[in-house]
Amino acid sequence: MADERNPLDRLLDVVLYGPVGFLAEAHELMPKLAESGRHQLDHQVRTARMIGQFVVTFGRHKAEHAIRRLGDQASPAANPAAEPPAARLIAPELMVVVPAPAAAVGDDQAAEIEIVVRGAEPAPSADPAPIGDDLAIPSYDMLAASQVVPRLDGLTEPELDAVRRYETAHRGRKTILGRITQLQGS
């Protein structure tokens with residue numbers, strides 16, 4: 001429906017009568033608007049909090065996994081007390097060793113970056129623990145012991161041995177290690 005009133009009347013509606021009408025009805029409208037706004041904001045805050053907790057948990061898991069992997073692959077320094085001049089600490093237990101520039105070591109030598117885990121026991125070279133992603137049970141690091149134990153039944157002897165070595169080197173959960181011992185004994 002077209003508004004056939006003159007422009008002055010429409011301007012007065014917007015500038016004068018509308019705000020006065022809003023003020024007259026504000027005592028009834030304000031609680032409804034506040035409740036609607038509170039509901040919307042609460043929902044968004046809960047969603048953001050849930051996503052934030054997930055991201056922090058996932059990031060912590062990935063960081064721990066990366067540090068464990070570095071610890072498994074790092075070679076201990078010959079003399080951990082003497083840090084090379086190009087060493088830089090990136091965490092209390094990790095140190096990055098950057099070699100001298102190529103001109104100083106010779107252009108024909110390849111420069112390498114070494115990550116040393118300080119205070120780590122050297123992994124036994126004869127029987128190294130596998131990496132979690134290489135195990136026969138997908139997403140092994142994300143599973144609770146109660147989720148791992150039933151999945152052990154279908155594994156072969158070498159797969160069971162890999163899970164045993166990994167579990168011993170990382171979390172040492174007795175439930176899993178006990179079940180593997182039972183399966184390997186039968």
Side-chain angles (χ1 to χ4, degrees), residues 39 41-100 105 109-186:
H39 177 71
L41 191 59
D42 283 348
H43 176 70
Q44 290 176 351
V45 166
R46 274 183 285 164
T47 302
R49 183 177 293 142
M50 181 178 63
I51 291 171
Q53 289 172 343
F54 172 77
V55 167
V56 167
T57 302
F58 185 76
R60 181 182 302 134
H61 170 74
K62 284 296 188 185
E64 289 171 353
H65 180 71
I67 289 172
R68 277 196 310 265
R69 180 177 271 173
L70 287 172
D72 291 346
Q73 295 174 354
S75 62
N79 185 1
E83 294 181 8
R88 184 168 49 118
L89 291 175
I90 57 174
E93 65 278 349
L94 293 178
M95 172 180 56
V96 175
V97 180
V98 181
V105 295
Q109 294 178 339
E112 294 182 12
I113 296 176
E114 179 183 1
I115 298 177
V116 178
V117 178
R118 299 170 56 142
E121 295 293 324
S125 57
D127 193 19
I131 297 171
D133 295 337
D134 296 338
L135 296 175
I137 300 173
S139 302
Y140 183 86
D141 287 327
M142 303 290 286
L143 299 175
S146 62
Q147 295 170 310
V148 172
V149 169
R151 296 177 182 170
L152 295 172
D153 294 336
L155 300 183
T156 64
E157 189 70 28
E159 291 170 335
L160 283 171
D161 190 52
V163 172
R164 179 194 53 77
R165 286 182 289 127
Y166 183 81
E167 188 63 39
T168 301
H170 293 91
R171 295 174 69 184
R173 295 179 283 186
K174 294 180 191 239
T175 308
I176 295 172
L177 294 172
R179 181 63 182 148
I180 291 172
T181 301
Q182 288 176 347
L183 290 171
Q184 288 178 329
S186 40

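This one's a predicted model, so the numbers in the text were calculated from it and none came from an experiment.
Among residues two or more places apart in sequence or in another chain, the salt bridge (Lys or Arg N to Asp or Glu O under 4.0 Å) test is passed with Asp42 by none. Checked against side-chain contact (heavy atoms from CB on, under 4.5 Å), Val45 has the following partners two or more places apart in sequence or in another chain: Leu41, Arg49. Residues satisfying the side-chain contact (heavy atoms from CB on, under 4.5 Å) test with Thr47, not counting sequence neighbours, are His43, Ile51. Remark: Glu157 pairs with Gln184 by the side chain to side chain donor-acceptor pair (under 3.5 Å) rule, at least two apart or across chains. Not a single side-chain contact (heavy atoms from CB on, under 4.5 Å) links His39 to another residue, sequence neighbours left out. Taking Arg171 as the reference, nothing meets the side chain to side chain donor-acceptor pair (under 3.5 Å) condition, with sequence neighbours excluded.
Across all their heavy atoms, Leu143 and Gln147 have their closest contact at CA-OE1, 3.4 Å. Nearest approach of Ala145 to Thr175, heavy atoms of both residues: CB-CB, 4.4 Å.
Under 3.5 Å, the side chains of Asp141 and His61 contain no donor-acceptor pair of N or O atoms.
Rounded to the nearest 0.5 Å, atoms NZ (Lys62) and CD1 (Ile67) are 13.5 Å apart.
Contact of the Gln53 side chain with the Val56 side chain is not registered, since no non-hydrogen atoms from C-beta on lie closer than 4.5 Å.
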Open item on the list: Apply side-chain contact (heavy atoms from CB on, under 4.5 Å) to residues Ile137 and Tyr166 and explain how you reach the verdict.
Closed with: CA-CA 12 Å; Ile137 300 173; Tyr166 183 81; over 6 Å; no
